[in-house]
Amino acid sequence: MTPVVEVRADSAAVGEAVAARIAALIQGNASAVVGVATGSSPGPVYTALARRVADGLDATGVTWFALDEYLGLPLGHPRSYRTELLDNLIHPLGLDPDALWVPDGAAADPDEAARDYESTLAGRRVDVQVLGIGRNGHIGFNEPGTPFTSTTHRVRLTESTRAANARFFTAPQEVPHECLTQGPATIMRARRIELVAFGKHKAAAVARALRGPVSEECPASILQRHRALHVTLDRGAAADLATG
Ligand code: GLP
């Protein structure tokens, strides 16, 4: 299916557009299941959703599933993705933290935690999955070379991803070396996918993902095979699509 590609003036407008579609989904299905990403890209979506909740949207019946989580950070660590999603999504929307599911990055047996998360997800149908994209085309923490058939699994992060995420930590060496992530096959089961990206530094990855060959070397390229992909970009992130 050809993805819908929408270009908006700035990140706030991207956030509004995506939040409007998620809000409509929740209005039509109070017990919707929403997959949520971390990193900077989804922030404007969550800000716009919080505004809609303040204006009366009832999201109390929604279940939220995180894409990924670092391994080795203790529960409640300020840089864990659980904390990030509580701070940026669950608390601003006034929701119960029990509505949020995150892979257990503090588990004694991470491989078992990955299997548990996958089986929980397999029992639920994700209605819409919000995604960002890494500069090397990663989605979740699925680095280039990840088999498209992978489900939730343990990953050793590349140094480029660790370096890109160092900005969230007080020192680069604090970035964990491993994580748990939904795999491409898990992500592709979502009914709809909302990919968001901002800035010129994402333009090449967006163009590769949407216009390049479908290849495990660019994990996000698998999204070309999704039947309901909506891509919302600012002008910077769309820059390399214009001539493509
Ligand atoms: C991180 C996350 C991804 C995210 C990507 C882009 O490594 N695991 O889920 O989409 O990188 O991050 P950002 O939106 O901050 O550029």
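All ligand and atom numbering here is 1-based and tracks the order in the structure. Bear in mind the structure is a predicted one, so any value in this text is a computation, not a measurement.
The ring of Phe169 has its center closer than 6.0 angstrom to the ring center of Tyr70.
Per-residue contacts place Gly39 under 4.0 angstrom from the following atoms of ligand 1 (heavy atoms of the residue considered): 14 (O), 15 (O). For ligand 1, the atoms closer than 4.0 angstrom to any heavy atom of Asn165 are 1 (C), 7 (O). Listed by number with element, the atoms of ligand 1 under 4.0 Å from a non-hydrogen atom of Ser41 are 13 (P), 14 (O), 16 (O). The Gly132 neighbourhood of ligand 1 comprises atoms 10 (O), with distances under 4.0 Å to a heavy atom of that residue. Atoms of ligand 1 found under 4.0 Å from any heavy atom of Phe141, numbered from 1 in the order shown, are 7 (O), 8 (N).
Within the 4.0 Å heavy-atom criterion, the part of Ile133 lying near ligand 1 is the backbone and not the side chain. Of the heavy atoms in Ile139, none comes closer than 4.0 Å to ligand 1. When non-hydrogen atoms are compared, ligand 1 lies under 4.0 Å from the side chain of Arg167 (C-beta onward) but not from its backbone. Here Tyr81 has side-chain heavy atoms under 4.0 Å from ligand 1, and that is the only part of it that gets that close.
Counting only heavy atoms of the protein, atom 4 (C) of ligand 1 lies nearest to Thr38 O, 3.9 Å. Atom 1 (C) of ligand 1 has its closest protein heavy atom at His138 NE2, 3.6 Å.
Linking Ile, Leu, Val, Met, Phe, Trp and Tyr residues whenever their side-chain heavy atoms come within less than 4.5 Å places Leu210 and Ile133 in a single cluster. Residues Tyr46 and Val14 share a single hydrophobic cluster, defined by chaining ILVMFWY side chains whose heavy atoms lie under 4.5 Å apart. Following chains of ILVMFWY side-chain contacts shorter than 4.5 Å, one cannot reach Ile139 starting from Val18, and the two form parts of different hydrophobic clusters. Note on Phe168 and Val155: same hydrophobic cluster, where clusters join Ile, Leu, Val, Met, Phe, Trp and Tyr whose side-chain heavy atoms are under 4.5 Å apart, directly or indirectly.
Under a 4.0 angstrom heavy-atom cut-off, Lys202 registers as being in contact with ligand 1.
At least one N or O atom of Asp68, backbone or side chain, sits closer than 3.5 Å to an N or O atom of ligand 1. For Gly140, a nitrogen or oxygen atom sits less than 3.5 Å from a nitrogen or oxygen atom of ligand 1, counting backbone and side chain alike.
Ser41 and Lys202 make their closest contact through OG-NZ, 3.7 Å (heavy atoms, listed as atom of the first residue, atom of the second, distance). Contact record, Thr158 with Asn136: OG1-ND2, 4.2 Å, taken as the closest heavy-atom pair.
Salt bridge present: Arg154 and Glu178 bring a charged side-chain N and a carboxylate O closer than 4.0 Å.
Proximity of Leu85 to Thr38: side-chain heavy atoms (C-beta onward) are separated by under 4.5 Å at one or more points.
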